[in-house]
Amino acid sequence: MRKSAYIFSSGFLLLIILTQGLQAQSDMRSLRIDSLLQIMTLEEKIGQLCLLNAVTKDVSIRDEIRKGKLGGILNETNPDTLRELQRIARDESRLGIQLLTARDVIHGYQTIFPIPLALAATFDTALVARTAMVAAQEAKAAGINWTFSPMLDISRDPRWGRVAEGFGEDTYLTSLMGVSMVKGYQQEQQGMITGIASCVKHFAGYGAAEGGRDYNSVELSELSLRTSYLPPFQASLDAGSPAVMAGFHDLNGIPATGNTDLLTEILRKEWRFEGLVVSDWESVPQLQTHGLAVNQKEAAAHAFLAGCDMEMASTSYQTYLADLIHAGTISMPQLNQAVARVLYLKFKLGLLPGQILPQEPVHIRLQADSFRDLALEAALKSFVLLKNDHQLLPLSSNTKNVLIVGPMADAPHDQLGTWSPDGHKDETITPVDYLQSAENLSFEWKYIPGLRNSRDKSTESFKSLVKAAKTADVILCIVGEEAILSGESHSRADLHLPGAQEEMLRALRETGKPIVAVILAGRPLVLSAVLDQVDALLYAWAPGTMGGPAIIRMLLGEKQPSGKLPITFPAHEGQIPLYYNHRNTGKPAFTVLSDLSSIPEEAPQFSIGNTSQYLDEGFEPLFPFGFGLNYSTSSLSDLVLSSSICLAGDSVQVAITITNTGHYEMEETVQLYLKDVVAAIASPVKELKDFAKVFLKPGERKKVVFYLNEDDFKYMHPNLQHFADEGYFNLMIGTSSQTSLETGVYFKPLVQETDSQGDNINLKTQLIENEKIPIIKTENNH
Ligand code: BGC
């Protein structure tokens, strides 16, 4: 009986599809989904809203699938098991709807790329899209069809362990990176996902967790939320991401998983998002822990009615939705709508009965050479050179003897970083591995770890370390933070190098030998104590599978550093949150106060000035957003605008010349920032609007042209409307957010002319000739 119903339904579906012929994809989708909804039982519908953690040998998962009681599973990675489970869903369940098979493929599947924060440091959207495409190819070959990525949480707090998983502090850069990842993962063809589906997370504001403590409450004004935190989500959804994950946190007191404003008002009503909203891991029953529901049944009702379609890991939907429907708390149309959204995602993946995938999975060799080459390229482009005194790097050919120290020089697991559950440490190449296999090295090297791991506090071996250092030409310290010290629920209050690593650097400094430090970490660390102890400093993040070759090849000058910081590096934890696009305040600081000991005793309250800064840590970061040195040097000149006035509907060309003034090839990132001088809000001191990566040979000059248009001048007004109003903007260009060239541009919107009765007679643009553009100074510190 059940089977015949299935056969009838598939035949019915097929007939509909055939008779529709060339009908648009979206009609076909609705027809398939509507037809399914008509024949699904209540239990089957609720089943589609359940996403459970898979336990490979758990027979009950198979039974649940057979009964149509599961919409998807997560964390199963055995390709044979995945194939078997899909076969059961397809051939043994009444409806034959296949499963969503989800996994956190965050920065690679088996070939591990640098962590997302490091990928952002490449400022290279095409490269980032390629990493996502490879991750999707590998994951898909294993049978995975859905990843919980990209994470688009803006974060201004490096204490937050999850800063590793996002693209840093800037809304524009994060938006670009998010879109690249979505496109890279999905590889859409004619509206169908031929790669794997993405899921943007964690909606929304999660990166502003108070004090950088994970899962903590978030307080954000609606203006800040909409200005800084929401745009990356909107951009990725516009780019085709079919799913959104609600966060664990509460936003202004309302837990995100039960937040109607976020999940329904903004997502559905404002943005017209038609895809799927999934909870985070057990975040539905956690509504009870938040204190929003008296029990799990109420939690299920809350989450569902707020707009959370699918529940991850926990089973409160499975247990209580039927009761809630019978009681009338949830209506059948509401349930159908949530189920339709799951089916919509499945349609796009070709998982509905009778669907033929546009492209059958091709056989992919996991960790193929070309994938590893891409991991090498991504690592190389993500490294940020923070210091290079006396051009110590690249190491000169006179270097004959290198002492390598530090626990991160041979830490294959830690090099992969957080969220790399499918990476293989045995196939990861560390700096020490690479040197061991390198041929024709022009120097001798020796490795003494000095410390067992990054947290080791024992200084026992330092004496022998110092002794060995005395005979070396250069000391290479590869230090940092193990993978477990960042990522989800791994926030830190102290951002110094952990363990005795700083002490080790100080001991080595005493030898007077040149020191190169390479730091592997999942977040910006506070490097104030490190900076004085080293001559050169390369920030390598968690660089992934090919981190070792990338580090050594860069130090030897085979490749040039080109990465730029996607997040501000504070000089002290007490300065956090510290970010480049802060507001000016009414009392901005321009000069740093010296230090506490310079304050005269019983000094009058305002005698040392009254500006916005710390008496003991000033207001400047150690390294600003967008910063990163090259082996070469560059200069920017000839900033020329095609017009000093940008008219609505038109654009202004901003041309700048960049010259490689050094002796190495270089890839420089030219960055363009705007500051709205007078606005309806106190606008940020600057905001990144565009950037361009330029490759230059020594001595080469190139002209870079940016185009500004109305969109670049828009901002969120106090009434939550996003538009540009007339006025002056400072335009700043540099190779970091500490910009070096500045001019002004005037934006002129369309004005509406009215006749004497007040009716609109036309829309026209007014041009003021010879407008004098003042450059108004703002705090230009980062
Ligand atoms: C995390 C998500 C992740 C999910 C599934 C949660 O704990 O917050 O980012 O996708 O687990 O593994």
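When a ligand or atom number is given, it counts from 1 through the structure's own listing order. Fair warning: this is a prediction, and the values are worked out from it, not measured in the lab.
- The cationic group of Lys201 lies under 6.0 Å from the six-membered ring centre of Trp419 and within 45° of the ring axis, placing it in a cation-pi geometry.
- For Tyr206, no nitrogen or oxygen atom sits less than 3.5 Å from a nitrogen or oxygen atom of ligand 1, counting backbone and side chain alike.
- At least one heavy atom of Met312 lies less than 4.0 angstrom from ligand 1.
- Looking at atom 8 (O) of ligand 1, its nearest protein heavy atom turns out to be Asp280 OD2, 2.6 Å.
- Looking at ligand 1, you'll find an N or O of Lys201 within less than 3.5 Å of one of its N or O atoms.
- The ring of Tyr206 has its center no closer than 6.0 angstrom to the ring center of Tyr229.
- Near His202, with a cut-off below 4.0 Å to any heavy atom, the atoms of ligand 1 are 2 (C), 8 (O), 9 (O).
- Remark: distances from the non-hydrogen atoms of Arg162 to ligand 1 include one below 4.0 Å.
- Applying the side chain to side chain contact (heavy atoms under 4.5 Å, CB included) criterion to Leu176, with sequence neighbours excluded, gives Thr125, Tyr172, Phe691.
- No side-chain heavy atom of Leu82 sits under 4.5 Å from any side-chain heavy atom of Asn78.
- Listed by number with element, the atoms of ligand 1 under 4.0 angstrom from any heavy atom of Trp419 are 12 (O).
- Scored by the ring-ring contact (aromatic ring centres under 6.0 Å, His included) test, Tyr215 finds Phe248 as partners (sequence neighbours excluded).
- The residue from Gln48, Gln337, Arg341 that alone fulfils the side chain to side chain donor-acceptor pair (under 3.5 Å) condition with Asp309 is Arg341.
- Classification of Arg130 and Glu377 as a salt-bridged pair holds, one side-chain N sitting under 4.0 Å from a carboxylate O.
- Heavy atoms of Met245 come nearer than 4.0 angstrom to ligand 1 in at least one pair.
- At least one N/O-N/O distance between Glu488 and ligand 1 falls below 3.5 Å.
- Among protein heavy atoms, the minimum distance from atom 3 (C) of ligand 1 is reached at Asp104 OD1, 3.2 Å.
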